[in-house]
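Working notes, structure below.
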Amino acid sequence: MNLFSCFVTTLLLTTFFTLSESANCNNTDHLLILKAFASVDNFNSSSFVCSNARISEINLSSRNLTGALSWKFLKNLTHIHTINLSNNSIKGYIPSWFWSIPSLVEVNLSKNKLGGAIGFESGSGLSSIQVLNLSFNRFTNLAHLSNFSNLSVLDMSYNNLKVLPLGLDSLKKLQHLDLSSCNISGDLKPISNLTSLEFLDVANNHMSGTFPNDFPPFSNINFLNISFNNFTGVLPYDKVQRFGNSSFINTGMLFKYSNTSMNRNVTVHHAPKESHIKPHQILSAHSNPKDPNPVKKNKKPSSKKRLFWIVIISSVSFLVLLAMTVSICCIFKKRQMAKRNKWAISKPVHQHQPFKIEKSGPFSFETESGSSWVVDVREPSSAAVVMFEKPLMSFTFKDLMAATSQFGKESLLAEGRCGPVYRAVLPGEIHVAVKVLENARGMSHDDAVAMFENLSKLKHPNLLPISGYCIAGKEKLVLYEFMANGDLHRWLQELPTGKTDVEDWSTDTWEYPVDSSSPEKMEWRTRHNIAIGIARGLAYLHHAQSTPVVHGHLVPSNILLSDYLDPRIAGIGLSRDRVHTPTTDSDVYSFGIVLIELLTGETGSEETVVKARKLVREGRGVDALDSRLRLGDNSVSEMVECLRVGYLCTAETPGKRPTMQQVLGMLKDIHPITAELN
Ligand SMILES: *[C@@H]1O[C@H](CO)[C@@H](O)[C@H](O)[C@H]1NC(C)=O
Ligand SMILES: *[C@@H]1O[C@H](CO)[C@@H](O)[C@H](O)[C@H]1NC(C)=O
Ligand SMILES: *[C@@H]1O[C@H](CO)[C@@H](O)[C@H](O)[C@H]1NC(C)=O
Ligand SMILES: *[C@@H]1O[C@H](CO)[C@@H](O)[C@H](O)[C@H]1NC(C)=O
Ligand SMILES: *[C@@H]1O[C@H](CO)[C@@H](O)[C@H](O)[C@H]1NC(C)=O
Ligand SMILES: *[C@@H]1O[C@H](CO)[C@@H](O)[C@H](O)[C@H]1NC(C)=O
Ligand SMILES: *[C@@H]1O[C@H](CO)[C@@H](O)[C@H](O)[C@H]1NC(C)=O
Ligand SMILES: *[C@@H]1O[C@H](CO)[C@@H](O)[C@H](O)[C@H]1NC(C)=O
Ligand SMILES: *[C@@H]1O[C@H](CO)[C@@H](O)[C@H](O)[C@H]1NC(C)=O
Ligand SMILES: *[C@@H]1O[C@H](CO)[C@@H](O)[C@H](O)[C@H]1NC(C)=O
Ligand SMILES: *[C@@H]1O[C@H](CO)[C@@H](O)[C@H](O)[C@H]1NC(C)=O
Ligand SMILES: *[C@@H]1O[C@H](CO)[C@@H](O)[C@H](O)[C@H]1NC(C)=O
């Protein structure tokens with residue numbers, strides 16, 4: 001009984017303190033952190049003691065934190081210096097502005113389930129982060145680091161990067177770089193610029209490059225691991241001695257030799273007497289590099305034991321004899337190797353300068369799915385890239401080849417129905433996506449030019465503008481601005497699973513202007529905003545032109561997301577050879593499917609559409625909603641209403657479908673405030 005009352009008292013006290021701390025704490029930073037972690041499981045608000053001081057450190061390492069952070073609340077922590085969330089289970093994307101919080105110096109997000117892109121949209125600010133640990137996460141091949149100019153420590157090991165992050169070569173202060181186990185293919189050359197490096201680990205990738213030319217200078221490096229890669233070149237013995245054998249396991253390099261013996265090769269050959277020094281060195285160096293002269297020690301004999309002396313002398317002479325034999329063999333082998341080495345060194349020079357393409361066309365490229373496309377031009381620089389936005393830049397197909405590792409699989413972003421899409425950074429830091437229009441092979445050169453010119457005239461904030469195009473043989477390539485947040489389909493699929501048992505932050509008493517809503521509510525606002533944006537873009541195509549422009553292939557993977565999650569429609573008018581000629585009505589139908597996917601979170605297959613339509617018809621639209629969108633508050637009626645718009649758009653009879661103008665009106669009415677903000 002006593003025990004029980006004691007327990008109750010403790011519980012009450014704890015509750016009281018917890019409540020008084022979190023609810024009565026009027027420190028802005030404190031409130032921001034509570035909001036940021038509102039939907040994170042196992043977050044203990046008592047971790048942050050309420051005080052009037054500004055918060056400079058968040059250390060929640062190894063707290064079993066599970067779920068997604070509402071990153072935006074961290075934006076206003078003006079004094080935050082260190083964030084340590086390592087060893088938890090935090091999911092989701094990191095918005096790009098996060099990296100440029102001005103006070104942020106150390107960030108440790110290692111061992112979580114974070115994914116997506118890392119970096120900035122072009123034109124945004126610099127990052128002040130000096131120490132960044134993102135190891136053991138799920139980051140993918142969209143990393144652009146040129147704005148992280150203050151980094152001195154970068155650990156991105158154990159992610160699925162596939163390619164070297166872009167902009168690495170501008171990190172002039174970088175001392176510690178770990179890119180091990182990132183599944184990276186391609187040349188390591190961009191790293192060769194990092195002259196301040198002291199620690200370099202690129203082990204366990206599929207990287208190529210020549211040793212040591214493509215590597216950073218070794219003078220400052222005191223830790224090196226390049227094992228399990230596919231390098232070429234010659235591995236000097238002094239490097240093995242300096243960094244240890246374990247730094248060079250399975251590097252792909254064929255030859256190892258000692259610099260010193262190479263330097264003496266002529267002397268040794270003409271004056272065999274000298275060779276008795278060298279063989280010891282070679283033998284001992286191979287057995288124990290730290291003890292170069294084990295035989296010499298034996299030369300100091302004990303004067304008492306003659307027999308021992310004799311044994312020693314005979315063994316020494318035997319050793320010398322053996323050594324001489326070995327050395328002669330070695331010299332022959334080395335000379336042979338030296339000949340081969342010359343070849344081994346010179347070969348990669350051609351191999352790793354793919355931009356000096358000697359070979360003349362046609363050029364054939366294979367995609368991941370096994371399909372291939374062929375550019376039938378003799379000289380790749382003869383096919384010009386026409387740039388609309390930057391007409392003074394002159395690029396050719398050759399530049400596109402160089403910027404995509406010859407359209408290598410590591411540059412492949414996606415394989416859509418219209419053809420493969422590649423990522424490329426052209427000279428001048430122009431970051432683009434290059435789409436090969438497989439359906440346009442039959443189109444004449446002039447028709448293609450006319451089509452691209454027309455498309456370039458479509459300008460709207462919700463349409464992804466064409467940056468340029470390239471007609472190379474029969475292939476038509478179109479260039480778009482690169483969107484780091486990827487497409488809508490991927491975004492919806494990779495979103496963390498929402499929680500439904502979170503405290504209701506919408507009823508909180510703290511006064512915070514726009515942000516008095518829960519992360520889930522914001523989630524719904526974001527999706528609503530995306531729906532409105534797509535409707536705007538499409539309405540512009542259908543109604544703002546002299547003759548309506550039909551998109552023809554509106555699918556979530558054709559809708560890209562800007563840094564602020566505003567939608568940009570791509571792929572306008574590029575689908576051809578359809579059995580049914582696309583119309584504005586079919587665009588409306590496609591929009592309906594997009595809307596259904598946006599609200600149900602399920603890929604917009606025929607079954608999804610049939611199921612969602614059935615539920616709406618039966619008045620049970622709420623059952624179709626994505627469980628990651630918060631249920632149980634007043635936004636639900638808005639979501640159901642939005643789903644009903646999707647129902648109207650997917651009417652079987654084209655004539656019954658609303659126009660995009662009507663759709664836009666309906667969507668705006670659902671939540672006038674979001675619409676106003678646009
Ligand atoms: C915030 O709390 C401090 C004491 O912690 C108090 O002096 C101050 O008046 C409070 N401000 C508001 C707006 O409640
Ligand atoms: C939260 O942290 C405080 C002190 O840091 C601790 O006393 C309390 O037990 C923790 N609560 C939970 C639920 O872990
Ligand atoms: C961060 O938190 C972990 C575990 O909670 C602790 O072991 C570590 O010492 C803390 N680090 C700092 C710098 O406070
Ligand atoms: C993060 O916390 C771990 C311990 O859990 C500690 O070893 C590490 O130094 C911390 N990192 C930072 C940047 O505070
Ligand atoms: C990581 O967290 C788990 C519990 O969540 C703990 O058992 C483990 O020791 C932590 N690892 C490190 C390196 O702190
Ligand atoms: C971590 O939290 C989850 C629930 O979020 C729980 O099921 C699991 O047991 C916890 N693990 C540890 C090591 O505390
Ligand atoms: C951050 O502060 C700015 C103005 O200082 C304000 O407009 C904005 O709403 C705040 N954002 C958050 C997430 O609190
Ligand atoms: C990050 O945290 C881990 C532990 O989870 C620790 O081992 C590591 O040293 C930290 N890294 C940095 C850069 O602080
Ligand atoms: C990053 O964190 C991992 C463990 O989470 C740790 O092993 C590694 O040493 C850290 N990197 C740096 C540079 O501290
Ligand atoms: C190295 O940096 C310079 C400028 O800092 C740049 O011109 C050059 O292209 C870079 N080299 C590589 C291989 O990235
Ligand atoms: C290594 O590179 C060569 C070409 O340089 C390639 O043929 C080979 O398949 C690569 N090996 C591995 C294991 O990646
Ligand atoms: C080794 O010998 C070959 C021919 O015997 C010569 O061409 C080469 O320059 C020599 N190497 C050095 C380092 O002297």
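Numbering of ligands and ligand atoms starts at 1, following listing order. FYI, the numbering just counts along the sequence from 1.
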List the closest protein heavy-atom neighbour of atom 7 (O) of ligand 9: residue, atom name, distance to the nearest 0.1 Å.
Phe136 CE1, 4.9 Å
Would Ser180 and Asp178 count as having a side-chain donor-acceptor pair, cut-off 3.5 Å?
yes
For the ring pair Phe248 and Phe228, is the centre-to-centre distance below 6.0 Å?
no
Under 4.0 Å from atom 11 (N) of ligand 5, can you find at least one protein heavy atom?
yes
Among non-hydrogen protein atoms, atom 8 (C) of ligand 9 lies closest to Asp155 OD2, 3.6 Å
Are Phe215 and Phe231, when compared by the centres of their aromatic rings, separated by less than 6.0 Å?
yes
Leu85 versus Leu69: any side-chain heavy-atom pair under 4.5 Å?
yes
Before giving the answer on salt bridge (Lys or Arg N to Asp or Glu O under 4.0 Å), spell out for Arg527 and Asp626 the whole-Å C-alpha distance, their side-chain angles and the decisive distance to 0.1 Å.
CA-CA 11 Å; Arg527 292 203 205 183; Asp626 189 342; 3.0 Å; yes
Of all the atoms in ligand 8, which lie at a distance below 4.0 Å from a heavy atom belonging to Val131?
13 (C)
Tell me whether Tyr158 at atom OH has more than 12 heavy atoms from other residues, nucleotides or ligands lying less than 6.0 Å away.
no
Protein heavy-atom partner closest to atom 5 (O) of ligand 9 - residue, atom, separation in Å
Ser110 OG, 2.3 Å
Determine whether any heavy atom of Ser86 lies closer than 4.0 Å to an atom of ligand 9.
no
Is it the case that ligand 8 has an N or O less than 3.5 angstrom from some N or O of Asn87?
no
If we only count N/O pairs under 3.5 Å, is Lys111 in contact with ligand 5?
no
Measuring from the heavy atoms of Asn133, does anything fall under 4.0 Å of ligand 8?
yes
Can you figure out which of Asn108, Asn59, Asn112 has its heavy atom closest to atom 6 (C) of ligand 8?
Asn108
Part of Val153 with heavy atoms under 4.0 Å of ligand 9, whether side chain, backbone, both or neither
side chain
I need the nearest protein heavy-atom contact for atom 13 (C) of ligand 9: residue, atom name and distance, please.
His176 NE2, 3.4 Å
